[in-house]
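Data block below; observations after.
Everything quoted here is computed from the prediction, not taken from an experiment.
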Number of protein chains: 2
Amino acid sequence: MTKEKLGTWRIDRQLVEDISRHAAFGRRRKFKKNTVLYEQGEVSTRFYFVLKGLVQISIFRADGSEVVLELMGPETVCGEGAAFDGLPRFSSAAAIEDTEAIEFDTAKMTEIFRARPEFAALLLRVTSLKQRVLAVRLKHLASREPQDRIMELLTRLEDMFAIDHPKGRLLVTHLTHEQIATMTGTSRVTVTRTLQRLREQNRIDIIDGHILLKRRRDGG
Amino acid sequence: MTKEKLGTWRIDRQLVEDISRHAAFGRRRKFKKNTVLYEQGEVSTRFYFVLKGLVQISIFRADGSEVVLELMGPETVCGEGAAFDGLPRFSSAAAIEDTEAIEFDTAKMTEIFRARPEFAALLLRVTSLKQRVLAVRLKHLASREPQDRIMELLTRLEDMFAIDHPKGRLLVTHLTHEQIATMTGTSRVTVTRTLQRLREQNRIDIIDGHILLKRRRDGG
DNA sequence: ACCGTCTCGTATCGGGCGATACAGCCCGGC
DNA sequence: GCCGGGCTGTATCGCCCGATACGAGACGGT
């Protein structure tokens, strides 16, 4: 099984092609591992279309603790939220692998939209998809049950990164219990406990360190 | 003190004017109290700019429980998330007061954007603001502490709806403990307990049923 | 005045999560 | 082989939240 690191986000192929077609409106940039694309609190009109590498999006809470929102792999857009509303960044983005991205600037967007109105519609689709994922995450984080919180992450990863397997769907992405904990707002120990419980309930299985979501009998 | 019901969302005056200026691209509609604007799961390309009344946005979980996302009062936009990405609605919207709104349809948006590119930039600002609020809520819901969850709601309401008061900022919006509970993913009893605790900590006060956020000494 | 409804305050109890600690395991380095 | 670090599996304990129940107070209808 590959040790390649993967993100927690993917958009459909058509959308990727459509965005790539407008790459000329931005400029290509490289970010070395452990450098910052943007930082929570700063004001900026730039956003990014990741081509290679891996970018961790996180929010730091007042007490300094970190909530990891996403790991953005190739062919994903990030930073557009704060770039368009003009307010300080609500999240930070750091390259956790050597990364290449196209950097867009919203400053001249109205002009671009006049020439290429379909680019505006495209960006609206991207922000709407993000809004959707945030809303769905919120739905599950509203629950205090660790099982809800963790299963939401797993099913989302299933939608984006799972491959078929005789017994269900195998998550290609590998996350440590620690990472799952910071993404679901629980403790590392609880993640371990909850995954154990899910195994006992026969809902998941662990194969070579990867999580297998078992086929449910109730359709789907 | 007025008993008028208010929402949990507001956008700045300039943005409201800019949207109003494009009202001709939509059509005016009325919704009686307790009717539905749209429902979770349906596919639709319509979104709304509320003029009068109050619309409750909620997500229903698999077990039937309801998470209230927002109460959208006049001069707010709702439904644009699912209207632009074309996927089934992730939330439901119901008028909880007699409501008037302008209904837009995304189907012909690319054409409109060609003629009025600034309208596209406007909508991107609106969706980005929503993304921001969702992300901030997520940051706080990631915590399991009821106090974090509830204070996030209160400070957000402060930003949008508070009036100055000698001792701090008074929230004009009145929410029952039950409503706060469904918006923060806690129980009604815990909301009561937590608000009590916040009073003991001298961070809030209750004046005629309205919450007063006391001025903090640590600046700000 | 009487009642029903809604809301808020508060009590009891059980359960499960977080904090903490420690052991076993894998793997890479030398 | 030996060591060390990162990850996972468990154990113990304290605490606090959710479920549940009940009472007090406000308000409106008749």
Side-chain angles (χ1 to χ4, degrees), chain A residues 1-5 34 61 63-68 71 96 140-154 171 173-201 204-212, chain B residues 1-5 34 56 61 63-68 71 96-97 140-154 171 173-201 204-212:
Chain A
M1 190 62 55
T2 169
K3 285 277 175 185
E4 179 190 7
K5 292 187 188 176
N34 296 326
R61 313 186 67 234
D63 63 4
S65 62
E66 180 178 13
V67 179
V68 175
L71 299 176
I96 57 177
H140 291 271
L141 282 183
S143 164
R144 292 175 46 87
E145 304 288 323
Q147 188 156 324
D148 290 343
R149 294 167 168 243
I150 292 169
M151 277 306 292
E152 187 275 335
L153 177 61
L154 297 185
L171 300 193
T173 307
H174 177 72
L175 295 171
T176 67
H177 293 188
E178 187 81 43
Q179 286 178 303
I180 295 175
T182 63
M183 296 186 74
T184 55
T186 57
S187 71
R188 198 278 304 172
V189 174
T190 297
V191 172
T192 303
R193 278 198 286 234
T194 303
L195 291 180
Q196 283 301 103
R197 207 171 303 160
L198 287 168
R199 285 172 69 171
E200 285 160 15
Q201 291 172 14
I204 69 169
D205 220 336
I206 309 293
I207 296 181
D208 194 20
H210 289 259
I211 296 175
L212 172 87
Chain B
M1 190 61 54
T2 169
K3 285 276 176 186
E4 180 190 6
K5 292 188 188 177
N34 296 324
Q56 176 167 313
R61 313 185 68 235
D63 64 4
S65 62
E66 180 177 12
V67 180
V68 175
L71 298 177
I96 57 177
E97 297 290 331
H140 291 270
L141 282 183
S143 164
R144 293 175 46 87
E145 304 288 323
Q147 189 156 323
D148 290 343
R149 293 168 168 243
I150 290 169
M151 278 306 291
E152 187 276 333
L153 177 61
L154 297 185
L171 300 194
T173 307
H174 176 73
L175 295 171
T176 66
H177 294 188
E178 186 80 45
Q179 286 177 303
I180 295 175
T182 63
M183 297 186 73
T184 54
T186 58
S187 72
R188 197 277 304 172
V189 174
T190 297
V191 172
T192 302
R193 277 199 287 233
T194 303
L195 291 180
Q196 283 301 102
R197 207 172 303 159
L198 287 168
R199 285 173 69 172
E200 285 160 16
Q201 292 173 14
I204 69 169
D205 220 336
I206 309 294
I207 296 181
D208 194 21
H210 289 257
I211 296 174
L212 172 88

Assess whether one donor atom and one acceptor atom, taken from the side chain of R144(A) and the base of dG16(C), lie less than 3.5 Å apart.
->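 Absent.
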Using atom [atom1] of [X] as one end and atom [atom2] of [N] as the other, report the distance to the nearest whole Å.
X	N	atom1	atom2	answer
L198(B)	dG9(C)	CG	C1'	16 Å
I150(B)	dG18(D)	CD1	P	9 Å
E178(A)	dA19(C)	CD	C1'	13 Å
D63(B)	dA19(D)	CG	P	11 Å
R193(A)	dG16(C)	CZ	P	10 Å
L175(B)	dT7(C)	CG	P	12 Å
Q179(A)	dC7(D)	CD	C1'	11 Å
D148(A)	dC17(D)	CG	C1'	16 Å

Given that L195(A) and E145(B) both sit by DNA chain D, which one's nearest nucleotide is further toward the 5' end?
->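 Its nearest nucleotide being more 5', the pick is L195(A).
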Using a 4.5 Å cut-off on heavy atoms from C-beta on, say whether the side chain of V67(A) contacts that of T182(A).
->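 The answer is no, as the side chains (C-beta and beyond) never meet within the 4.5 Å cut-off.
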Decide yes or no for R149(B) and H140(B): does some side-chain heavy atom of the first lie under 4.5 Å from some side-chain heavy atom of the second?
->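 In short, these two side chains do not touch, never coming nearer than 4.5 Å.
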Counting side-chain heavy atoms from CB outward, which of [options] is closest to [X]?
X	options	value
T192(B)	dC17(D), dT7(C), dT10(C)	dT10(C)
Q196(A)	dT10(C), dG9(D), dG18(C)	dG9(D)
R199(B)	dG9(C), dC8(C), dT8(D)	dG9(C)
V189(B)	dA11(D), dT10(C), dG9(C)	dT10(C)
R197(A)	dG18(C), dC17(C), dT8(D)	dC17(C)
P146(B)	dC17(D), dC17(C), dG9(C)	dC17(D)

Just checking, any donor-acceptor pair under 3.5 angstrom between side chains of Q147(A) and E152(A)?
->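 Result is no, nothing qualifies.
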May I ask you to evaluate whether R188(B) reaches the phosphate of dT10(C), defined as a side-chain N or O under 4.0 Å from OP1 or OP2?
->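 R188(B) to dT10(C) OP1/OP2: no side-chain N or O under 4.0 Å.
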What is the nucleic acid contact for S187(B), judged by heavy atoms within less than 4.0 Å: base, sugar-phosphate only, or nothing?
->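 Answer is sugar-phosphate: S187(B) comes under 4.0 Å of backbone atoms only.
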Base, sugar-phosphate, or nothing: which does R149(B) touch, judged by heavy atoms less than 4.0 Å apart?
->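 The answer is nothing, as R149(B) stays clear of every strand by at least 4.0 Å.
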Check: T190(B) main-chain N/O paired with T194(B) side-chain donor or acceptor under 3.5 Å |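 Confirmed, T194(B) side chain pairs with T190(B) backbone.
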Any donor-acceptor N/O pair, S65(A) side chain to R61(A) backbone, under 3.5 Å =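 A pair under 3.5 Å: no.
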